[in-house]
Amino acid sequence: MAQKVTPKILAGFMELLPSEQLVFDEMKALIEKTYQSFGFVSLDTPVLELSDVLLAKAGGETEKQIYRFNKGDNDLCMRFDLTVPLARYVAQHQNDLTFPFKRYQVSKVYRGERPQKGRFREFYQADIDIIGSEKLSVIYDAEMPAIMYHVFQKLGLERFCIKMNNRKLMNGFYESLNLTQEAPEISRIIDKMDKIGIENVKACLKDLNLSDELIEKIVSFTAINGKATDVLAKVKTVGIQNDMFETGLNELEIVANAMQDLGVPETHFEIDLKITRGLDYYTGTVYETFVDGHQGWGSICSGGRYENLAGYYTDRKLPGVGMSIGLTRFFDLLRDQKMITPQKSTAADVLILPMDENATAYALKLAHLLRTNDINVQTYASDGKFKNKMVYANKVGVPFVIVLGEDEVANKTVALKNMQSGLQELVAYDQVADVLKSQLELQMKDKKKLIVQA
RNA sequence: GCGAAUGUAGCUCAGUUGGUUAGAGCGCUGGUUUGUGGUACCAGAUGUCGUGGGUUCGAGUCCCAUCUUUCGCCCCA
């Protein structure tokens with residue numbers, strides 16, 4: 001016997017079973033639908049880009065993680081995020097696009113890093129961005145988190161919080177302390193507060209040769225967080241005289257107010273002066289989203305405002321604001337916590353079980369009829385004991401089964417069985433579609449949300 | 001890139017100080033009489049104990065190497 005090859009996939013790649021895939025697809029569809037409800041259109045850029053293009057700006061950590069290779073004379077890269085391809089796209093097609101340009105993209109990206117829990121080498125990002133020409137209203141900075149709020153609402157996630165901050169505010173703050181140079185390093189340390197604790201943060205700051213007085217100022221200022229109105233009031237009393245600081249503060253206030261107008265309750269967003277985001281291209285508002293009780297997950301949805309998206313490709317100034325859900329990680333964590341429950345492994349609403357060969361033609365015609373009525377139908381074509389067909393129906397979790405035997409064929413009826421209740425009724429052939437539709441609608445009504453949070 | 005663990009049936013794991021035919025639960029297959037599943041009962045299949053080498057009369061159990069996967073750090077979704 002020939003040696004068999006072990007069937008397996010690479011580490012850091014996620015592959016789902018049918019029941020899970022159905023949930024994932026539903027989640028993805030719901031996200032896209034919500035994005036569309038704000039007028040965004042989808043974009044589908046290539047997985048591969050020329051290295052020159054993709055790495056125009058790269059450097060540091062990201063570059064190390066990029067899948068890069070040669071094919072013929074081409075030096076190629078697999079995209080590691082969706083923002084750089086967006087920049088390329090907007091720069092390339094700037095004359096054909098209408099600004100503000102609103103696009104979303106739910107696609108896979110690739111990073112060759114060490115796989116760990118929640119860290120994949122291939123994963124979905126669900127990005128949404130608005131790009132303006134020369135200028136872009138700060139109102140859009142409020143629209144972004146509002147969209148995300150509605151996304152999570154629709155998914156059924158109830159307890160979460162979108163935390164935001166403003167880089168201008170922070171840079172202004174550091175500028176007022178004459179710490180412009182050290183600001184990025186300080187931010188990185190402050191960001192670790194929850195993880196390593198206040199004493200370690202102070203120790204790290206001390207290593208930067210900061211005076212105790214400065215450290216105290218920084219730590220107490222960045223400790224400000226909570227309800228937007230409270231934070232804004234507090235920040236105003238700190239009394240910092242700096243133009244950039246004022247601008248940032250003003251932006252934060254506009255965004256916080258607009259978010260409420262957009263239907264985001266104050267319970268679901270906060271201002272947190274510790275948030276800065278690692279990526280250096282953010283220049284204004286920044287966001288991170290946390291699920292209550294699961295801070296360890298990190299941010300499941302982040303983003304921010306960038307003043308110049310495509311500076312490496314064009315002289316035209318293209319400011320934008322965007323957010324992104326790490327869909328693969330989010331899904332993986334939800335599944336891990338049993339916050340999503342795969343139910344069925346078929347897309348069919350109804351499974352038709354012909355008793356024997358004599359019912360096959362009748363079954364196929366019925367299936368066709370139902371499909372023309374927008375019902376997903378599967379017919380079971382194999383022979384075998386009838387019981388096994390029922391077992392199959394049960395395993396795939398199909399909500400309805402239609403049994404077709406000698407009697408049904410003769411009388412032009414069907415036996416329609418609700419698999420959940422176990423009840424079965426005899427329905428005339430002509431009425432099956434209507435009856436089934438109304439029953440499916442009933443089931444839709446008391447369908448639970450995708451995500452159930454304990 | 002640095003550090004630490006793991007590896008026994010499809011899955012989750014047990015396997016006593018090395019001792020003969022390697023186990024459990026779940027899952028899977030079949031059955032409990034012929035047009036009805038989910039519960040119950042009965043029966044059954046499945047492993048070169050990650051791979052290679054070594055110690056030993058004898059290794060799933062000890063040693064070495066290697067691969068795999070996982071977990072920290074870094075960075076991030």
Side-chain angles (χ1 to χ4, degrees), chain A residues 1 3-4 6-14 17 58-66 79-83 106-127 148 188 191-192 195-196 276-280 282 287-291 296-304 322-334 336 343-344 351-356 358-359 380 384-410 414-426:
Chain A
M1 198 168 71
Q3 184 73 43
K4 294 284 189 287
T6 309
K8 60 172 179 183
I9 58 170
L10 265 30
F13 287 70
M14 186 171 86
L17 287 170
E61 283 301 316
T62 1
E63 192 158 11
K64 284 189 219 155
Q65 301 176 347
I66 292 170
R79 61 179 177 216
F80 55 89
D81 74 2
L82 299 175
T83 308
V106 183
S107 301
K108 284 174 173 172
V109 300
Y110 300 82
R111 290 182 200 175
E113 63 179 336
R114 264 210 121 82
Q116 260 169 51
K117 198 220 290 282
R119 313 194 65 175
F120 295 86
R121 290 180 161 176
E122 177 188 68
F123 58 94
Y124 275 95
Q125 282 195 324
D127 272 41
M148 292 308 180
R188 203 165 311 134
D191 192 50
K192 292 187 199 165
K195 210 169 185 178
I196 65 176
T276 45
R277 307 255 59 232
L279 297 174
D280 50 10
Y282 292 122
Y287 322 90
E288 290 193 349
T289 310
F290 297 89
V291 179
W297 287 4
S299 172
I300 53 163
C301 169
S302 342
M323 282 184 93
S324 174
I325 303 174
L327 193 50
T328 302
R329 169 188 283 182
F330 187 43
F331 181 85
D332 187 56
L333 293 169
L334 289 172
D336 206 51
Q343 307 271 344
K344 52 181 188 170
L351 172 70
I352 300 180
L353 299 182
M355 293 297 303
D356 52 50
N358 299 325
Y380 192 99
K385 291 188 179 171
F386 184 68
K387 181 181 163 151
N388 290 340
K389 302 179 184 179
M390 281 305 290
V391 170
Y392 175 85
N394 190 242
K395 274 193 187 163
V396 298
V398 69
F400 290 94
V401 163
I402 285 176
V403 179
L404 302 176
E406 224 176 314
D407 300 347
E408 286 80 8
V409 175
V414 312
L416 176 65
K417 176 163 182 156
N418 179 323
M419 289 300 280
Q420 209 186 328
S421 66
L423 298 176
Q424 185 168 319
E425 57 179 326
L426 215 53

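Lettering follows sequence order; numbering is per chain, from 1.
- Atom C1' of rG47(B) sits at a distance of 39 Å from the matching atom of rU34(B), rounded to the whole Å.
- Interatomic distance, CG of L327(A) versus CE of M14(A), reported as 7.5 Å (0.5 Å rounding).
- Distance CD (E288(A)) to P (rA77(B)): 8 Å, rounded to an integer number of Å.
- Base-pairing analysis of RNA chain B finds the following stems of at least three consecutive Watson-Crick or G-U pairs, with both pairing distances under 3.5 Å: B:1-5 with B:69-73, B:10-13 with B:23-26, B:28-32 with B:40-44, B:50-54 with B:62-66.
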field: nucleotides 30-37 of chain B: protein proximity per nucleotide (B base, S sugar-phosphate only, - neither; heavy atom, under 4.0 Å)
entry: -SB--BBB

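- In this entry the distance linking CD1 of I9(A) with P of rU69(B) reads 10 Å, nearest Å.
- Using a 4.0 Å heavy-atom cutoff across all strands shown, R121(A) reaches no nucleic acid atom at all.
- No contact: T328(A) has no heavy atom under 4.0 Å from any strand.
- Annotation: rU48(B) and rA22(B) have their C1' atoms spaced 13 Å apart (nearest Å).
- Residues satisfying the ring pair (Phe, Tyr, Trp, His ring centres under 6.0 Å) test with F330(A), not counting sequence neighbours, are F152(A).
- For R111(A) (side chain) and F80(A) (main-chain N/O), a donor-acceptor pair under 3.5 Å exists by modelled atom type.
- For the P atom pair drawn from rG30(B) and rU39(B), the interatomic distance equals 16 Å after rounding to whole Å.
- rG10(B) and rC76(B) have their P atoms separated by 41 Å, with the value rounded to a whole Å.
- A gap of 29 Å separates the P atoms of rU69(B) and rG27(B), to the nearest Å.
- Rounded to an integer number of Å, the gap from I66(A) CD1 to rG1(B) P is 16 Å.
- Atom OG1 in T328(A) sits 9.0 Å away from atom CD in Q125(A) (nearest 0.5 Å).
- One C1' atom belongs to rG7(B), the other to rU12(B), and the distance between them is 14 Å to the nearest Å.
- Only the P atoms considered, rU8(B) is 15 Å distant from rC62(B), to the nearest whole Å.
- Between atom CG of residue L10(A) and atom CZ of residue R121(A) there is a gap of 7.0 Å, rounded to the nearest 0.5 Å.
- Between the CZ atom in F386(A) and the CG atom in L353(A) there is a gap of 5.0 Å [rounded to 0.5 Å].
- On the P atoms, rG44(B) is 16 Å away from rC26(B), given to the nearest whole Å.
- What separates CG of L10(A) from P of rU70(B) is a distance of 11 Å, to the nearest Å.
- Here the C1' atom of nucleotide rU70(B) and the CG atom of D332(A) are 13 Å apart, to the nearest Å.
- If you take CZ of F123(A) and C1' of rC75(B), they are 12 Å apart, rounded to a whole angstrom.
- OP1 or OP2 of rC74(B) has at least one side-chain nitrogen or oxygen of K192(A) nearer than 4.0 Å.
- Residues passing the ring pair (Phe, Tyr, Trp, His ring centres under 6.0 Å) test with Y110(A), sequence neighbours excluded: none.
- As judged by a 4.0 angstrom heavy-atom cut-off over every strand, Y124(A) is placed among residues making no nucleic acid contact.
- Side-chain atoms of R111(A) and base atoms of rC76(B) include no donor and acceptor less than 3.5 Å apart.
- Note: NZ (K389(A)) to P (rG38(B)) measures 17 Å, nearest angstrom.
- Summarising the geometry, the separation between CZ on R329(A) and P on rC75(B) is reported as 14 Å, rounded to the nearest angstrom.
- Closest approach of S107(A) and R79(A) over heavy atoms only: CB-NH2, 3.3 Å.
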For residues 388-403 of chain A, run the donor-acceptor check on the side chains, cut-off 3.5 Å, and write out each pair with its distance to 0.1 Å, sequence neighbours left out.
residue	atom	partner	partner atom	Å
K389(A)	NZ	P354(A)	O	2.9
Y392(A)	OH	Q378(A)	NE2	2.8

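- Every residue two or more places apart in sequence or in another chain was checked for a ring pair (Phe, Tyr, Trp, His ring centres under 6.0 Å) with F123(A), and none qualifies.
- Interatomic distance, OG of S324(A) versus CE of M148(A), reported as 6.5 Å (0.5 Å rounding).
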